[in-house]
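Reviewing the structure listed below.
Note that this is a predicted model, so its numbers are computed, not measured.
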Amino acid sequence: DEAHQLVQLVCELVVLCADDSSSVDRWKFFLLVACHRRYHSKSPAFKERRTDNDHDSAGADHIEDSTAGDGERLVYYLTMLSLHRLWHYANTNANAKNEGDKNLVTNLRIAVESMIRVCFDIGGSRDLNAIVGHLTFETLLRLGHVTTDAQSNKNAPRKFGKKVLLPALKECLFVEDDNYISATSTTSVPDPFLMAAIAKISAMLDSDLDQVSSLSKSNSNIIKDANTPTADGTQTYDCLSTIHVTLPHNGRGSKKGASWQRCLVNCVAEFLIWSKTTSVATEDRFSTSLKKLCTLTMAGDIDMDTVALDSAHECILQMQTTIRKRRQLLNSEARERGYLLCSQYLLERSSLRFQQIRAGKAGDLSMLSRLAKKFGDARTLKMLLNRNTDLSKAQKAESIGDLLRDWQDVNHINIEKDSIEAIERQLQISMLKATVVALKPKNNIAAEGQRAVLVAQTGQADKTNAVCAILLASAIQSSTSCRLVLNGVEKDVSSEDLTLASIDEVMVASDYSSHSDCMDENVAVQNIILEDLADSQDAIIISNSDIQLTEDTLKHITEHDKTVRVHSPSRYDVKDSVEVKLKPNIAEKLRSKSHPIVLSVVLDCTASMGCEIEGCKQGAVQTIKTFSSLAPVSRVNILGYWDPIGMKGDPDPRSTGYLDMRLDSTHADIQEFVDTQLPCEGGGDHPEDVPAAIEKLIYDIEIANISSDDCVHFLFVIADAGYR
């Protein structure tokens with residue numbers, strides 16, 4: 001309903017813009033609002049602006065993501081697609097002699113072109129790739145290759161490559177002339193706006209592939225060694241774009257399931273993009289296959305010639321192979337430069353180098369740190385610590401919860417100097433200092449006449465709120481006079497070391513759990529306003545609940561020119577809780593080996609598991625073998641599941657049932673089931689049907705008459721997404 005309302009609003013705005021035929025000001029304002037809503041602090045344009053304004057960044061650094069979480073990406077897509085459809089309708093039905101119709105067609109065309117032109121700058125590579133996907137769908141919809149009828153979409157056509165993809169490529173990729181790739185921007189097929197977006201992506205891919213090729217030829221790393229700074233003393237890095245990460249490709253969607261249309265759109269978009277990418281289109285195998293495919297499809301009714309049809313399909317497969325290798329090359333290079341550190345770490349820990357970690361992305365570094373701590377990997381932790389010596393590049397805390405979860409006492413003295421614990425504490429200190437530095441405004445000079453600030457925490461002594469208050473006061477301290485009061489006690493956070501000491505005091509304290517009622521908190525806030533907050537000062541109060549002030553207090557705030565803001569980082573809604581405890585005799589059963597082990601492995605087999613599925617299958621089999629060598633395993637069950645039962649292309653959950661491991665043939669039966677009965681297919685249209693999988697598992701348990709009194713039951717769930 002909201003999507004329909006948005007489309008209707010766009011249409012109404014277009015009418016308003018068209019009414020003023022003598023001016024384009026309304027059109028400009030409309031587009032600026034639509035684009036500004038998508039513009040955010042992580043967009044390429046913002047980052048470039050921030051870099052250009054490092055010495056005077058007061059304007060750039062204070063842009064807020066006011067629409068974060070409001071579906072701003074979807075709003076942008078729907079707005080652009082609505083204008084796109086209106087342009088096609090107006091372009092087809094407009095009266096060429098009517099000046100108003102001509103202006104409308106022109107302005108709609110400029111509007112769509114503008115939104116596509118700025119798409120990457122204000123949204124990033126994901127937005128640009130998504131726009132290509134949507135416009136490809138629109139093209140295929142007009143040509144009749146896809147529909148919006150949900151019922152007909154459930155029936156996946158047979159022979160996808162020959163009967164579905166090939167006809168679509170014939171109409172979208174080729175034109176009837178000597179130039180086998182459509183290079184015009186005036187024809188309706190391909191869509192001129194689609195080709196404009198594809199041109200941007202292809203140019204970025206060419207740039208990335210040129211970098212990779214240059215690296216291969218010179219046999220040297222493009223990323224400069226940490227010991228060779230540039231003339232100005234800084235380090236420089238040539239980074240690949242991230243355009244290949246979300247690029248449309250034939251692995252998205254199922255050729256057999258209900259999501260076959262999604263697969264078709266991705267396949268066509270993939271061919272359009274890579275056929276315009278010079279470094280791929282000129283490659284011998286790809287260009288030969290493309291020319292041969294053009295010749296075959298333009299020769300006549302290819303559907304009646306089985307040999308020609310098979311040959312054309314073979315050309316498609318050869319081009320897809322070339323494309324896949326190029327994507328793998330970019331992924332490999334991205335991993336080498338630190339974009340996919342965790343994947344490489346899990347494959348081979350010893351292969352990581354400091355240059356990769358130094359160039360790593362924040363999300364990858366955070367996950368890598370957790371993995372290194374989990375495995376007790378001192379080598380990787382030391383490299384992370386070395387990276388953090390430069391606070392401008394040091395890893396920052398993702399959230400206060402992140403600090404709370406991993407915090408260790410900074411002043412603990414019984415720790416060896418080079419131990420894992422010591423390195424973790426040094427990492428923790430550097431991360432906190434980097435976080436404080438990042439929170440502080442770039443311009444630390446207090447403006448003349450700027451009001452003093454009081455930051456206070458009241459009510460329930462909660463660690464999250466206390467740390468929030470400390471970090472907030474520390475950040476404000478550098479630009480204006482600021483006092484910090486935690487539950488009536490004033491704290492000094494005028495330096496990074498004092499801030500660290502205050503946070504450590506909160507983190508290691510054991511008395512941050514006492515409750516106070518809401519009335520006491522109201523009184524405490526009122527006392528701060530009346531007694532601690534001076535005239536013409538601002539107060540930022542961190543609280544656990546809404547505050548109700550008396551009329552006299554509100555009047556006092558107005559008369560004395562005070563400002564009060566109340567924030568609630570963590571609220572408490574006390575309810576009856578249920579405490580769940582494991583049975584204490586489980587460990588004893590395992591130690592005594594008096595009770596056999598029962599193993600259940602539940603495996604997500606949807607297409608989103610992709611190339612990982614084979615490794616997961618073998619991992620499941622290996623888990624069974626490992627347990628069998630450690631303890632007596634009586635029964636084993638492997639169960640695979642897909643999307644909701646009844647979806648076309650998604651099988652019902654299926655399992656081996658609980659097999660008796662005492663039989664010699666059981667291992668072979670399990671391997672055969674995994675190889676033949678658990679295909680990687682379906683998915684992409686609905687959440688995985690975990691409840692149905694659990695129901696099937698319970699049914700198997702009941703049929704096998706398995707009881708927790710007689711065994712110890714282990715359940716492993718292997719999936720690429722959680723279930724809520």
Side-chain angles (χ1 to χ4, degrees), residues 77 126 129-173 190-191 194 197-198 201 244-275 289 293 297 309 312-328 604-614 642-644 646-651 678-689 720-721:
Y77 295 170
R126 179 178 176 182
N129 283 320
I131 289 297
V132 167
H134 288 302
L135 292 178
T136 303
F137 177 83
E138 292 290 309
T139 300
L140 294 173
L141 183 65
R142 289 196 305 275
L143 294 172
H145 295 287
V146 296
T147 69
T148 56
D149 183 7
Q151 288 299 119
S152 62
N153 291 346
K154 291 183 178 180
N155 300 318
R158 298 181 59 193
K159 297 183 178 180
F160 178 87
K162 298 178 182 179
K163 300 296 185 181
V164 179
L165 177 58
L166 187 57
L169 288 177
K170 178 180 178 180
E171 291 196 78
C172 292
L173 197 61
D191 186 290
L194 170 61
I198 284 175
I201 295 177
H244 66 280
V245 177
T246 55
L247 206 62
H249 61 85
N250 63 81
R252 290 183 174 156
S254 171
K255 300 177 179 65
K256 299 179 181 179
S259 58
W260 67 270
Q261 290 196 153
R262 181 187 178 212
C263 185
L264 176 61
V265 169
N266 277 279
C267 286
V268 173
E270 178 182 54
F271 276 106
L272 288 172
I273 290 170
W274 290 98
S275 64
S289 298
L293 180 62
T297 54
L309 192 62
H313 186 240
E314 182 64 27
C315 291
I316 291 176
L317 295 178
Q318 289 178 357
M319 287 189 291
Q320 286 178 335
T321 299
T322 302
I323 292 170
R324 184 175 67 253
K325 289 182 177 180
R326 289 297 186 276
R327 289 181 61 248
Q328 289 174 345
D604 176 358
C605 297
T606 55
S608 62
M609 292 290 282
C611 59
E612 291 86 2
I613 191 69
E614 292 303 323
W642 292 263
D643 276 0
M647 298 303 300
K648 184 68 175 177
D650 293 290
L678 298 181
C680 181
E681 62 185 17
D685 40 19
H686 292 272
E688 288 84 350
D689 201 356
D720 61 353

> For the atom pair CG (Leu293) and CG (Leu166), what is the distance rounded to the nearest 0.5 Å?
Replying inline: 6.0 Å
>> Applying side chain to side chain contact (heavy atoms under 4.5 Å, CB included) to Arg324 and Thr321, what does each step give before you reach the verdict?
In response: CA-CA 5 Å; Arg324 184 175 67 253; Thr321 299; 3.7 Å; yes
> Do Phe137 and Val132 pass the side chain to side chain contact (heavy atoms under 4.5 Å, CB included) test, and can you show the C-alpha distance, the side-chain angles, and the key distance before you say yes or no?
Replying inline: CA-CA 9 Å; Phe137 177 83; Val132 167; over 6 Å; no
> Tell me, do Val265 and Arg262 make a side-chain contact under 4.5 Å, heavy atoms counted?
Replying inline: no
>> With heavy-atom distances below 4.5 Å as the criterion, would you say the side chains of Asn266 and Glu270 are in contact?
In response: no
>> Does any part of the side chain of His313, heavy atoms only, come nearer than 4.5 Å to the side chain of Lys162, both counted from C-beta?
In response: yes
> What's the spacing between Ile323 CD1 and Cys267 SG if we round to 0.5 Å?
Replying inline: 9.5 Å
> Do Glu171 and His145 have side-chain N/O donor and acceptor atoms under 3.5 Å apart?
Replying inline: yes
> So, Trp274 side chain and Met319 main chain: donor-acceptor pair closer than 3.5 Å or not?
Replying inline: no
> Okay, side chain of Gln261, backbone of Thr147: is any donor-acceptor separation there less than 3.5 Å?
Replying inline: yes
> Just checking, any donor-acceptor pair under 3.5 angstrom between side chains of Asn129 and Thr246?
Replying inline: yes
> Between atom NZ of Lys170 and atom CG of Leu165, what is the distance when rounded to the nearest 0.5 Å?
Replying inline: 14.0 Å
> Should Leu264 and Phe160 count as side-chain neighbours, where that means a heavy-atom distance under 4.5 Å?
Replying inline: yes
>> Rounded to the nearest 0.5 Å, what separates atom CG in Leu140 from atom SG in Cys172?
In response: 4.5 Å
> Out of curiosity, Cys315 SG to Gln320 CD, how far, rounded to the nearest 0.5 Å?
Replying inline: 11.5 Å
> Taking atom CG of Leu141 and atom CG of Leu135, what is their separation to the nearest 0.5 Å?
Replying inline: 12.0 Å
